[in-house]
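All remarks here apply to the structure that follows.
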Amino acid sequence: MLLVALGIGIVAVIASALLGPKKGSRAKLMAYESGNDPEHGGVGTGQRFPVHFYLVAMLFIIFDIETAFFYPLAVAYQKLIPFAFFEAITFVVLLLVGYVYVLKKKVLEWA
Amino acid sequence: MTFTDWLPTLMIFLPLLGSLLLLVTPKSFRDEVAGFIAALTLGAGLAIWRGGGSELFRWDWIPPLGITYSVQLGGVSLALALVTAFMSFIAILYAARRIPNPGPMLSLILAMETGLIGIFAAQDLMLFYVFFEDALIPALLMLAIYGKSGRMAALTKFAAYTLFGSLLMLVSIIGVRYIGGSPTFAMTDLKQNLVQGPAQTWLYLGFLAAMAVKLPLWPMHAWLPDFHEQNHDSGIPDVMGTLYKVGGYGLFTFAIPLFPDASLELRPVLMGLAAFTALYAAWIAFGQTDWKRLLAYAGLSHMGFVALGVFSLNETAVIGAMYLLAFQNLYTGALFLSVGMLQERIGSLETRVGGVMTQAGALGGLTMALWFASIAVPGMAGFIGEFSILLGAYQVFPWLAFIAGITTIAAAAYALTAFQTTFWQARPAGGLRVPDLVHTEWLILGLPLAVAVLFGVYSAPALNLMQPAVRAVLTALGGN
Amino acid sequence: MLQPPEVSLTPLLPILIVLAGAVSSTLLGFWVSRRTLTFINLAATVLAALSLSTLWNRGVSSFGGSLQADNAALLLAFVILTGTLMTLLVTLDTAWRARVSFPEFDAMLMYAVTGCLLIAFSGDLIVMLIGLEIMSLSGYVLATLQGSRRAEESGLKYFLLGAAGSAVLIYGIAFVYGATGSLNYAAIAAKASVLTPENTGILVGGALLMLCGFAFKVALAPFHQWTPDVYGGAPTSVSLFLSTVVKVAAFAGMLRVFGGALADAPGWHSVLQVLIAATLIIGNLAALRQMNFKRMLAYSAVAHTGFLAMALLGTPQAGGAALTYYLLVYTLMTAAALAILAALQRGEEGMTISDLRGLYYRHPAYTVALAVCLASLAGLPPFAGFFGKYLVFQAAFQNGYEWLSVLAALTSVAALVYYLRPAMLMFMPDRTPAREYAHGQRTPTTLAVTLGVVGVTALGLLPNIWYSWVANPAIWTLLVGR
Amino acid sequence: MPDWLATLLISLLKAVLVVLGLLTTFAYMTLIERRLLGRMQLRPGPNRVGPMGLLQPAADAIKSIFKEDLTVTLADKLVYTLAPIIAIGMALTAFGGIPAGPARSLFGENPWVYNLDAGILALLALTSMGVYGIFLGGWASGSKYPMLGALRSSAQMISYELGMGLSILGLLMLVGTTSFQGIVGWQAQNGVLILFQALGFALFLISSFAETNRTPFDLPEAEQEIVAGYLTEYSAIKWALFQMAEYVNMITASAIMATLFFGGWKGPQFLNAVIPGMSDWPIVWLVAKIAFFLFLFIWVRGTLPRLRYDQLMRFGWKLLLPLALANTVVTAAFLAFRGSGGLWFLGVLSFAGLLALLIMSDRVRVLWNQPTVRRPESEAVRAGGD
Amino acid sequence: MVPTTYYLALSGILFALGMIGVLTRRTAIMVFLSVELMLNAANIALVAFARSWGDPTGQTAVFIVMTLAAAEVAIGLAIIVAIFRKRETTNVDDLAALKG
């Protein structure tokens, strides 16, 4: 499936590359900046991101892993009652501690 | 348990208590308190002597580790402890007069006295090690607080040499117990579980490392002259430093009983080293122009003799060595103090000042008498020691005894030369007034001299004290 | 079939108390001052230490043996909590000056302690790993928290090398698991001696990898390079924490793994002795060359690692007791020394050794205390450091590592020299102006220092106060599961 | 022909068929969407190419292939080309795991391309891989607006992925399996899960919209602010591939929702009374359900305005995440304490929760609508530092 | 069934690559990525062993290790970003405030 799916993309790109016209001009190949010349000749791929995005990324990593922990528990949940319930509660409470901390730190504010 | 059993413990820890007490004593009473404590300690020692030495006192200090608090003062150890207490008292007397704001110094002297008496009293290897290291700290501090500008290097050298030896000794101590399989570190137990075979030699070498540094024995002696040179001019720390030369005692009490085979095996080498040390030190001393260094090398030379005696494993020689060890402390210490007085008066430790005798006759006279004691003039305690050593050593290795014998001549040469240039020779320049001895200074030089003379003439009490102990130790060798 | 593990929270009690402190610091930090938090955490630490006594001699375990509140764990936990207590006391005074006075600092500290306790209480490799990582991760943050150039740099170094160490350790765990099919200490110990040759090979590989990983964590040469930079660059109170509590915990892990699970596994002993020899030589000689007191203490921590690790070469009975004894002493003396440094330094880069000159005449009490700590670190009797050294010498000696004992003794000479030099310098009279922070002497620090100095002296004179607790060989035999 | 080769070939054939089906759906989806939107906005929409504009998709396809494919000078060429391929590849792959009927129902073959025990997990993993395509595309363009778009979209997608992942936890607890077949089977027995997990479904629905970058969450390509987001520098087929990926993702999301909450490929059970086995017909039911959800997507696009970016993030983190957790806890508590009672109470609880939220919506809105503080820039930087 | 040895070989190669990366790379990020590579090598080994023993413990361990890796990523990136923002370099050799 993966092969076929990727294949479609590759074939399409190659086809277009073969079939499409190639008439680049400087203006056409310039990075988009509402028709102006890009500042400092363009930013390229070495740009820096606002730090907030790092925060979100890190939070995501952490929370996502926590979620990953929850899946096996959820699947086995009914077989492990009531142990699993207290586990779940403990887990959620700890998660909430982190969540509240993040909330109070105003990391989840976008202004 | 009677009071006498507690006396050694009292004698050990009384100075330490005094040392701590001094920290809270008002300034105006400090000298008196220190002197009183030192006198009390000496009194305790005399009381033990009067009772003919103490029994072994044993208490399980750290049972799981097999470390006991075993102390005994009797025989050699008692003699040395008495000398230590006596000289500490003298040092305190002089410190109280000589040093401005003597609080820390008095405190350190007392603290060190505890360590030293502890070393002599300990009948447990671990305990011995503990006191051995303990005595080091006050010595270092005295050097640090009162030393001269080059003290950092001297201090490092001193500490490095001492600790190099003592840590090897620690490993040996552990080895003695575990290879031998003794339940504790107490001597009584260790003697019943001797290590046999080549391991004994190795352990002996480890033990020897510490003692050779402390004796000191060539080539482990390099710290000694620097240590004495950089110490306070008054010579008080040097007195304590002299007392700290416990290597001979350690070898005698612990090494011979615990490593009898190794002692015999290594006897020729070690005696050679000892004789060489004696001669070499005397030779170096001859070229010294600084009194402290001169005395340091003189002391080193004496220690060579002591080592020669101990290593020879001959009864006469060992007794001589212990005798010398005990009494050289008296006159070497007193000599250090006398050069301290000299320095106070003329502001220099140079041997080439000249002409002091004309103004300060008493100082010169007492110093000369002490020098005579030092170079083993008959009638002084040193003579008995050196003579016994030579006599005993001659029975073992005549040639070595002969080499060592040369030393006594060399000693006379360096001592008299130095004395002559300082006290007699015409003053080169300047009209510095040199006051003679005042009040306690008479006592400070006179008392040690008196004791040295007393035991030079009437040696029976000291010999009676030491002889049985030495015999007991030498039985470990199995009759050779 | 799925079987819920038996859950008993009793063995967890100390951990839970500390964790409660950590969580409260996390959340309450928005409403109350850091000082209050520190007091709460102090209370939590003391409570946790008290709760240890309720577990003594009960040998309870939880989660199918994954958490063991055996006596070994309790003793190690006590050491950890002692270090924590001293750290907290010191931070009461110095955190503000070190610019780490955030609630997060306390929270991270307590999380790290939670991790440390988990290591001490661990009954299998996974719990140990979790504890180790909680501890390390919090440690990275603590080292960086100050936000200064030096702190960030030290944090990054700590992090990169620590992460590499963790990775190696985890790879080792994988191999140990591969060889024995279990992660539980007792099960590993039981299987370690009855393996096929092939599996034994895997086990040796795993043990060596774990050894390298732990060597990173406790700073055994040649994996020690981060230590001076991190201890030197982090705020002093953090260095205090890292060099005492964190190191104790890492050693607790080593004791659990190498003294317990892998005690019978072949191979690692010989590598460990080489590492120890290298550590002793490198740590001591490098410390000798240091001009900065803090860096010197950092290198001394490396050197002490060598001594501490020697205990692991002993039989578990002798080694465990020696290690635990030494760890407490090490904690007390290092913490007290660093506490004084933290109080008296002007900036976080610490003091140069020459700055110490004449300190006695300006801060006599602290100077005497520092001298006692240094003497103890140097291993001079009658301070407890001596008995620590003695015990590890003995443990190594008894198990046939005579040469290592001799080497340790020789390198100790260097150690004594570099410890005594500053100690003596402090007593040298001096007329130049003071080069230390004049108002450093404050009650909480004094308390911590007193605790350290009194502890070191008391344990030196009467080692039995602590040694009688740890001396029982049954405690350490249990580690091996026999 | 050996067995494994046959299996492989059949799988391959199925894969090709599914892909072709999806692409066709995508093509006509665009047409339908434009027509429907046109209808909603009272305009005709594309109606020139072919009858009722039916050939419009073909025309679009031909155009995008034959257009000039620009690669801006500052771009990282390799990544720039790879990004759309990744995007479409992951999108297409994800769909293959969804079962369209009972085993062996399709000419004796299974109506799915691959089947994993951890079906949902695999699917979630694959769909979240899509974010790589978008982010790499934006980053590799080496230009300002694509970068911003890429950042926004990845922040958005990862934020909502949390809500998505957590919102199905309650469902998993009820069902006790992660395989799609198991979930479908459970629903056939106990009733569709929307009844018991209304709140979970609502959260999942919203997350799905965000995950597929659809209105009202189509921030990454918000032309008013950042031109066309990550697509700014793309043209011709690569642009088309991204569009394709978006629509395929929509289809996949619809299929997942249908499978998880609406009984999957099974029709309503009572229909079996009319024609026996009717509810087991492969493909039919699933396609019908997918079509419904696709319509929903278009409908919402025609109805709701776009969120502001900060609102979007706050909504995800402050509302979705805690609610999903709450949903999980409620379900967990219910399962732990229900005794022998039926599941209906959980359904009531869930609906009640959803209703309560709707009623309180004005109050809840402040959580995400307005920023609570304005952060000075310096503080923002410091927050990143520690 | 693929023999366990193959998995181990793969994990060994990954681990070695990671190790080489840690030792030779000079950028913090690259060192860090190498560490992650090592962690994944450990994961592969754990899973392989778990399979060969037929025991799920190894797999749960992988779970934990993944979490640890994630936590490490979060903290590590935070530190690296903090340093990078302040001085525009993450080259390990450029960090020289603590030499001596």
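Numbers restart at 1 for each chain; the letters A, B, ... are given by sequence-line order, proteins then strands. Note that the coordinates shown come from a computational prediction; the quantities given were computed from them, not determined experimentally.
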Problem - Per-residue contact mode, C/Ala286 against chain E (heavy atom under 4.5 angstrom) - result: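 Neither part, no heavy atoms under 4.5 Å.
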Exercise for the section: Side chain from CB out, backbone as N, CA, C, O: work out which of these in C/Ile134 comes under 4.5 Å of a heavy atom of chain E, or both, or neither. Expected result: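 Neither part.
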Which atom pairs, one a donor and one an acceptor, fall under 3.5 Å between side chains of residues 60-84 of chain E and the rest of the protein, sequence neighbours left out?
| unit_1 | atom_1 | unit_2 | atom_2 | d |
| --- | --- | --- | --- | --- |
| E/Thr60 | OG1 | E/Thr57 | O | 2.5 |
| E/Thr67 | OG1 | E/Phe63 | O | 2.9 |

Donor-acceptor contacts, no H, no angles, side chain residues 5-16 of chain E, under 3.5 Å, sequence neighbours left out:
| unit_1 | atom_1 | unit_2 | atom_2 | d |
| --- | --- | --- | --- | --- |
| E/Ser11 | OG | C/Tyr171 | OH | 2.7 |
| E/Ser11 | OG | E/Leu8 | O | 3.4 |

Rounded at 0.5 Å granularity, tell me how far [atom1] in [X] sits from [atom2] in [Y].
X: C/Tyr177; Y: E/Trp53; atom1: OH; atom2: CH2; result: 8.5 Å
X: E/Asn43; Y: C/Ile170; atom1: CG; atom2: CD1; result: 7.5 Å
X: C/Leu169; Y: E/Met38; atom1: CG; atom2: CE; result: 10.5 Å

Handout entry: Exercise: identify the closest heavy-atom pair between E/Ala42 and C/Ala174
Key =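 Here E/Ala42 and C/Ala174 meet closest at O-CB, 3.8 Å.
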Handout entry: Among C/Ala164, C/Ser136, C/Gly181, residue most engaged with chain E (heavy-atom pairs, under 4.5 Å)
Key =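 Looking at each option in turn, the highest pair count goes to C/Gly181.
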Practice task
Output the option from C/Ile130, C/Val168, C/Ile173 having the highest count of non-hydrogen pairs under 4.5 Å with chain E.
Solution key: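 Winner by heavy-atom pair count: C/Val168.
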Practice task
For chain C, find which of E/Val22, E/Ile44, E/Leu37, E/Val35 contributes the most heavy-atom pairs closer than 4.5 angstrom.
Solution key: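 Going by pairs under 4.5 Å, I would pick E/Val35.
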